[in-house]
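Notes for the one structure printed next.
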Amino acid sequence: MKKRYLFLFPLFGLLLILIVKYSTETGNELDAQSLSECLFCKIAKGTFSTTKLEFEDEEFVIFKDKNPAAKIHYLAVPKQHYDSIKALNKSHIGLIERMQNGMINFLKSKDVDLSVAVIGYHVPPFISQKHLHLHGISPVSEMSVSNRISFFMPSFWFKSVS
């Protein structure tokens with residue numbers, strides 16, 4: 001019985017390394033050079049020509065994820081740079097709600113069944129880009145085991161807007 005759980009030790013070790021690595025990074029402020037190099041900043045400004053914006057308003061854009069976890073996988077990215085959900089405070093609640101509502105309406109416009117979709121944010125250190133982004137993914141049944149773990153909700157690494 002004990003041998004059965006031995007495979008968990010390397011996973012916990014990797015998790016610990018990730019937490020230490022990302023928790024020692026400095027603050028949430030990026031300098032001008034870092035902002036100019038931020039991929040999601042370029043996409044949100046429309047200067048990254050290989051990414052088609054599917055939706056745009058004054059606050060955020062929506063586009064397809066280049067590494068989709070399922071058949072439908074979109075990202076909502078604010079035009080203003082925020083490192084992650086951890087960089088926000090209560091004054092940003094409206095932005096987060098508008099991004100969620102925008103994603104929901106966008107997915108509905110694509111005839112996505114929201115009952116088999118997942119919408120949420122990764123929490124550092126489990127982020128792929130250091131720029132706030134909301135995932136809209138469907139259907140969960142098409143996701144690989146690793147993606148189901150990565151986008152599992154509720155978890156301490158992936159959160160819904162609520």
Verify the ring-centre separation between Phe55 and Phe60: is it less than 6.0 angstrom? yes
Test Leu107 against every option in Ile137, Asp113, Val112 by the side chain to side chain contact (heavy atoms under 4.5 Å, CB included) rule and name the one that passes. Val112
Any chance you could lay out the side-chain contact (heavy atoms from CB on, under 4.5 Å) test for Leu95 and Glu59, step after step, and finish with the verdict? CA-CA 8 Å; Leu95 170 65; Glu59 289 185 293; 3.7 Å; yes
Roughly how far apart are Ile85 CD1 and Leu132 CG, rounded to 0.5 Å? 5.5 Å
Before accepting this row, confirm whether a basic side-chain N of the pair Glu54/Lys64 lies closer than 4.0 Å to the acidic partner's carboxylate O. no
Met103 to Gly136 - nearest heavy-atom pair and separation: CE-N, 3.8 Å
Derivation and outcome, side-chain contact (heavy atoms from CB on, under 4.5 Å), residues Leu114 and Lys108: CA-CA 8 Å; Leu114 295 178; Lys108 283 181 180 177; 3.5 Å; yes
Are the ring centres of His133 and Phe40 closer than 6.0 Å? yes
Are Phe158 and Phe152 near enough that their ring centres are under 6.0 Å apart? no
Over all heavy atoms of both residues, which pair between Met143 and Ala69 is shortest? Give the atoms and the distance, please. CG-O, 3.3 Å
Rounded distance [0.5 Å steps], NE2 in His135 versus OG in Ser150: 7.5 Å
Looking only at heavy atoms, which two atoms of His122 and Phe151 are closest? And how far apart? CE1-CE2, 3.1 Å
Shortest non-hydrogen contact from Ser138 to Ala70? O-CB, 3.6 Å
